[in-house]
Each structure stands twice: as structure tokens, then as C-alpha cells.
Student: 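Below is one structure. I have some questions about it.
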Amino acid sequence: MQVSKSFNKIQAPTYGNSITVLSIDGGGIRGLIPAVILSFLEAELQKLDGEDARLADYFDVIAGTSTGGLITAMLTAPDEDNRPLFSAKEIRDFYLEHCPKIFPQSRGIWGRIINIFRAFMGPRYSGKYLHQIIREKLGNTRLRQAITNVVIPTFDIRHLQPTIFSSYELKNNESLDALFSDICIATSAAPTYLPAHQFQTQDKQGSVRDFHLIDGGVAANNPALLAMGEVTKEIFTGNPDFFPIKPMDYGRFVVLSLGTGSPGAESKYNAEMAKHWGVFGWLLSSGSTPLVDVFMQSSSDMVDINIAVVFQALHSESNYLRIADDTLSGEASSVDIATKENLENLVKIGEKLLKKPVSRVNLRTGICEPISNQEITNEEALRRVARVLSDERALRELRSPHTKPKNA
């Protein structure tokens with residue numbers, strides 16, 4: 001490992017060759033899977049650039065939904081030295097320590113009865129511990145203070161439309177400059193699992209905006225395309241940070257998209273079961289919430305398919321890396337079974353995923369398949385990504401007149 005060095009904020013894409021994007025899906029406790037992947041990537045960057053390297057030093061924008069939104073905030077919120085509050089490894093440790101308290105478990109026959117009772121009375125979990133620990137860790141940090149650009153989707157049930165907390169939009173809409181803690185609580189408020197979140201912001205003119213928000217997964221459980229769209233809007237409106245990149249120049253994007261896992265070919269649901277379901281069946285069956293599972297998984301897959309089409313059309317497949325495990329079963333496929341055994345199993349799933357071959361969606365079948373002509377693992381692909389990110393950052397530092405000396 002090289003000698004540690006200080007890090008400037010990543011210079012604008014105009015001084016480099018690429019636009020770098022990190023996207024993290026929603027999925028509750030399954031956020032442990034991308035946390036393991038990110039820990040590996042950050043370790044590879046540290047081998048190249050020193051132990052102080054953090055993911056926020058390399059990505060132009062980090063996007064996350066629900067649990068991915070929480071990870072995004074933890075990667076980009078500043079500490080007292082204006083460095084990322086959490087390393088990637090510390091995020092994994094955070095999940096292992098706090099998820100059992102966020103999602104307290106009721107086991108056995110009485111546990112199932114309690115879950116059914118809760119489903120009638122309100123959300124399964126109060127969210128009190130989640131809110132407490134998020135506010136404790138993120139404090140008074142606001143969106144504008146993020147170390148790099150972030151995009152975190154939520155959904156406003158009062159207006160029945162998405163609300164996107166985007167660093168890029170702050171110059172046009174000051175009301176989006178909310179506390180990071182409020183944004184995280186809102187994007188994690190999955191229907192039936194955690195309560196909706198209401199809060200207000202106030203701009204310099206004193207105008208107050210009310211938010212009535214739930215989980216961003218109902219709008220964009222996989223926020224990769226959303227992040228690319230936010231960047232494209234900036235290019236289209238002439239943001240000099242992206243000169244001379246054109247709005248349709250998608251070949252300049254380097255995108256790392258991380259899923260939180262999904263059931264294998266034989267999931268716990270089938271048409272024979274579903275044809276008998278009414279409202280209650282769609283909201284509580286097989287110990288989970290089928291309706292939430294369906295719209296979150298469909299959202300993630302549709303985005304993956306659309307991005308894959310774009311990159312294949314541009315012959316830039318190597319610029320898009322999607323890492324996700326589609327073979328989960330049993331408790332591992334749950335978003336809230338936060339037992340010690342299941343959490344440790346999710347870590348192992350993430351570690352095994354690193355060893356699996358890189359897969360890409362088959363545009364005819366919609367199924368992810370190993371790349372036939374390239375026998376490389378996700379681990380090897382992430383090493384390549386680390387080199388690309390390191391080289392891109394170094395190029396921008398060299399070209400930019402705004403780069404500060406390392407001893408400044």
C-alpha cells in the first residue's frame with residue numbers, strides 16, 4: 001500500500017475523459033451485500049492511491065434508494081475535517097451492529113401472530129431506533145454539504161409524485177436542501193415496514209416547503225438511470241463542469257450499479273397463490289409483502305435492461321458494470337429478517353458474489369447471464385474499475401487549474 005496522502009475534492013468532468021457514477025439499489029438489510037462490494041472497491045483504491053482514499057473522492061455522483069440512500073449519505077456526509085464520515089468497511093459494520101435494533105425480530109408462532117397484528121394496526125416497525133441512530137450519525141449535515149454530488153429519490157404521497165433530492169438541483173430549488181437525516185429517513189420509509197416521514201425546509205426568503213415522503217423504491221429502486229438523467233440535464237443546460245460533453249454522449253459515462261439481491265428462478269410466490277389474494281394477501285403473504293417486493297424488483301430490473309440497451313447500442317458495454325445476486329432464497333431474500341445468522345449470511349453472499357463471473361442482462365430473455373467471451377469475476381472487474389477511477393482522478397488533477405497543492 002502506498003503512503004497516505006490528502007485528497008482534494010474530485011475535479012469537474014471537463015478536465016477528464018469520463019463521468020463517473022455509483023448507484024446503489026434499495027433492499028433493507030440486504031444493503032449488506034453492496035456494502036461488502038464497496039468495501040472491496042475502496043480497499044483496491046487505497047492500494048493505488050493511499051489509505052486515505054474514499055469512494056466519494058472518485059465518483060462525480062453517488063445515487064442511492066432506500067438502504068442505498070442511507071449508504072450514499074454515509075459515504076458522502078462530511079466529518080469535522082470535511083472527509084467522508086464513514087469508510088465502506090465501517091458501513092458494513094454499521095449494518096451488522098444496528099439492523100437488529102432497527103428491525104427487532106419476533107420469532108416462532110407468536111412472532112407470526114404479532115406480525116399479522118402489526119399489519120392490521122400500522123407499519124411493522126416504529127422506526128424510532130432508525131431515526132435516532134441516523135440523526136445521531138448525520139447530525140445537522142445538509143444536502144449541500146455532501147462531499148460529492150448525490151441523488152436520492154423519495155416519493156411524496158401528498159402530491160403523488162417523486163421528489164428527488166439532487167445536489168445538481170439545489171441551485172434551482174433551495175427547498176431541497178434538507179437535512180441528510182430527514183432524506184435518509186424518508187427514502188427508507190418502505191410502505192408497510194416503516195412509517196412515512198414528514199418534515200419541512202425553509203429557504204432564505206422564509207418560504208416553507210412541506211414534505212410527506214415514503215420510500216424512493218416506489219419510484220426508482222435502482223437509481224442508476226436517474227443519476228445519469230440528472231447529469232444529462234446539467235449538460236443540456238450548459239453547466240461548464242461538463243464542457244465539451246454533449247447531452248447524448250453516453251459513451252463518456254462509467255457506471256457501477258450495485259443491486260441488493262433478488263430471489264432465484266423459483267421465488268416464494270406463484271400465480272396459484274396470487275390468484276386468491278385480495279388486499280391483505282398482496283400486503284402480507286409468506287411472511288413478507290408481495291406488492292412491495294414486486295414493484296421494487298421490477299423497478300430495478302427495468303432500469304438495468306434500459307441502461308444495458310444504451311451501452312450496447314454505443315458499443316460501450318465495458319463502461320457499465322452491474323453487480324447483483326439473483327439467486328437469493330429463504331431468509332436471505334427478506335428485507336427485514338435481521339437475525340445475527342441472516343446478517344452474517346448476507347455478508348458471506350456478498351463475499352461469494354465477488355468471486356462469481358461478471359454477468360450481463362440478456363436483452364432477449366431479460367435474464368442475467370455470465371459473459372461468455374470474458375471469464376472474469378466481479379472481483380477482477382472491480383479492480384479494473386478501481387484503475388479507471390484512479391487514472392481519471394489523476395488526469396483531472398493534472399489538467400485542472402483549481403487543484404490545490406497536497407500540503408495546502
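Source: prediction; values computed, not measured.
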Student: Would you check if there is a donor-acceptor pair between the side chains of D326 and S262 at a distance under 3.5 Å?
Tutor: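 Not at all, the side chains of S262 and D326 share no donor-acceptor pair under 3.5 Å.
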Student: Please determine whether a side-chain nitrogen of the Lys or Arg among R396 and D60 lies less than 4.0 Å from a carboxylate oxygen of the Asp or Glu.
Tutor: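 Looking at R396 and D60, the cut-off is met.
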Student: Donor-acceptor pair, R83 side chain versus E80 backbone, under 3.5 Å?
Tutor: no
Student: Should R383 and E380 be marked as a salt bridge (charged side-chain N to carboxylate O under 4.0 Å, His left out) after you check the CA-CA gap, both sets of side-chain angles, and the distance that decides it?
Tutor: CA-CA 5 Å; R383 289 196 182 98; E380 293 168 329; 5.6 Å; no
Student: Kindly check if the number of other-residue, nucleotide or ligand heavy atoms within 6.0 Å of CG (N140) is above 12?
Tutor: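 For N140, atom CG is not crowded (no more than 12 foreign heavy atoms under 6.0 Å).
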Student: For E230 and S166, test the side chains for any donor-to-acceptor distance below 3.5 angstrom and give the result as yes or no.
Tutor: yes
Student: Could you check whether D25 and S300, counting side-chain N and O atoms only, form a donor-acceptor pair closer than 3.5 Å?
Tutor: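 Yes, side-chain donor-acceptor contact under 3.5 Å.
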Student: I would like to know whether D215 and S66 meet side chain to side chain donor-acceptor pair (under 3.5 Å); could you show each step before the answer?
Tutor: CA-CA 6 Å; D215 194 333; S66 193; 3.2 Å; yes
Student: May I ask you to check whether N221 and T65 show a side-chain donor-acceptor distance below 3.5 Å?
Tutor: no
Student: Evaluate whether atom NZ of K356 has more than 12 neighbouring non-hydrogen atoms of other residues, nucleotides or ligands under 6.0 angstrom away.
Tutor: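 Atom NZ in K356 is packed in, count exceeds 12.
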Student: Please identify each residue that fulfils side-chain hydrogen bond (donor to acceptor under 3.5 Å, both in side chains) with S333, with sequence neighbours left out.
Tutor: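 With neighbours one apart ignored, the set is empty.
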Student: Hydrogens and angles aside, do S181 and R135 bring a side-chain donor and acceptor to less than 3.5 Å of each other?
Tutor: yes
Student: For the pair Q145 (side chain) and R142 (backbone), establish whether a donor and an acceptor sit closer than 3.5 Å, ignoring hydrogens and angles.
Tutor: yes
Student: Counting N and O atoms only, with roles assigned by atom type, does the side chain of N239 sit under 3.5 Å from a partner on the main chain of F242, one being a donor and the other an acceptor?
Tutor: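 Flag not set: sc N239 to bb F242 has no pair under 3.5 Å.
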Student: Could you tell me if D49 and Y58 have a donor-acceptor pair between their side chains, going purely by distance under 3.5 Å?
Tutor: yes
Student: Mark yes or no for whether S39, through its side chain, and A35, through its backbone, hold a donor-acceptor pair below 3.5 Å.
Tutor: no
Student: Could you walk me through whether R387 and E44 satisfy the salt bridge (charged side-chain N to carboxylate O under 4.0 Å, His left out) test, starting with their C-alpha distance in whole Å, then the side-chain angles of each, then the deciding distance to 0.1 Å, before giving a yes or no?
Tutor: CA-CA 8 Å; R387 288 192 294 272; E44 291 300 310; over 6 Å; no
Student: Side chains of Y95 and T67 only: does a donor on one sit below 3.5 Å from an acceptor on the other?
Tutor: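 Checked: Y95/T67 side chains pair up, N/O donor to acceptor below 3.5 Å.
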Student: Please check if the side chain of R30 supplies one atom and the backbone of T260 the other of a donor-acceptor pair under 3.5 Å.
Tutor: yes
Student: Taking the six-membered ring for Trp and the full ring for Phe, Tyr or His, determine whether the centres of H197 and F199 are under 6.0 Å apart.
Tutor: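 Ring centroids of H197 and F199 are less than 6.0 Å from each other.
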Student: So which atom in N173 and which in R209 form the shortest heavy-atom distance, rounded to 0.1 Å?
Tutor: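 Of all heavy-atom pairs spanning N173 and R209, the closest is ND2-NH1, 3.3 Å.
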Student: Less than 4.0 angstrom from a charged side-chain N to a carboxylate O is my criterion; do R144 and D177 meet it?
Tutor: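 Between D177 and R144 there is a salt bridge, with a charged N closer than 4.0 Å to a carboxylate O.
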Student: Ignoring hydrogens and geometry beyond distance, is a side-chain donor-acceptor pair present between R322 and S257 at under 3.5 Å?
Tutor: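 Yes, a side-chain donor-acceptor pair sits under 3.5 Å.
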Student: Would you say D304 and Y320 are linked by a side-chain donor-acceptor pair, where the criterion is simply a distance under 3.5 Å?
Tutor: yes
Student: Check for a donor-acceptor pair, side chain of T163 on one end and backbone N or O of T154 on the other, with a separation under 3.5 Å.
Tutor: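 Absent.
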Student: Apply the test side chain to side chain contact (heavy atoms under 4.5 Å, CB included) to residues V255 and V21: give CA-CA distance (whole Å), side-chain angles for both, the deciding distance (0.1 Å), then the verdict.
Tutor: CA-CA 5 Å; V255 180; V21 177; 4.1 Å; yes
Student: Could you walk me through whether I10 and T148 pass the side chain to side chain contact (heavy atoms under 4.5 Å, CB included) check?
Tutor: CA-CA 8 Å; I10 186 171; T148 192; 4.1 Å; yes
Student: Using modelled atom types only, decide if a donor and an acceptor are shared between the side chain of S87 and the backbone of E90 within a distance under 3.5 Å.
Tutor: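 Here the side-chain-to-backbone pair exists.
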Student: With the threshold set at 4.0 Å, does a side-chain nitrogen-carboxylate oxygen contact exist between E397 and R393?
Tutor: yes
Student: Please lay out, stage by stage, how L343 and T339 fare under the test side chain to side chain contact (heavy atoms under 4.5 Å, CB included).
Tutor: CA-CA 6 Å; L343 295 175; T339 62; over 6 Å; no
Student: Run the salt bridge (charged side-chain N to carboxylate O under 4.0 Å, His left out) test against K355 and tell me which residues pass, sequence neighbours left out.
Tutor: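 Counting only residues at least two positions away or on another chain, K355 forms a salt bridge (charged side-chain N to carboxylate O under 4.0 Å, His left out) with E379.
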Student: Could you tell me if D210 and Q198 have a donor-acceptor pair between their side chains, going purely by distance under 3.5 Å?
Tutor: yes
Student: For the pair R54 and D57, find out whether any cationic side-chain nitrogen is under 4.0 Å from an anionic carboxylate oxygen.
Tutor: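 Judged by the 4.0 Å cut-off on N to carboxylate O distance, R54 and D57 do not form a salt bridge.
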Student: Between Y125 and F103, how do the two ring planes meet: parallel, tilted or perpendicular, split at 30° and 60°?
Tutor: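 Correct class here is perpendicular.
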Student: Dump the intermediate steps for side chain to side chain contact (heavy atoms under 4.5 Å, CB included) on I185 and F180, then the final yes or no.
Tutor: CA-CA 9 Å; I185 291 169; F180 247 144; over 6 Å; no
Student: Between K47 and E42, does any side-chain N to carboxylate O distance fall below 4.0 Å?
Tutor: no
Student: Hey, can you tell me if F86 and F94 have their rings parallel, tilted or perpendicular (30° and 60° cut-offs)?
Tutor: perpendicular
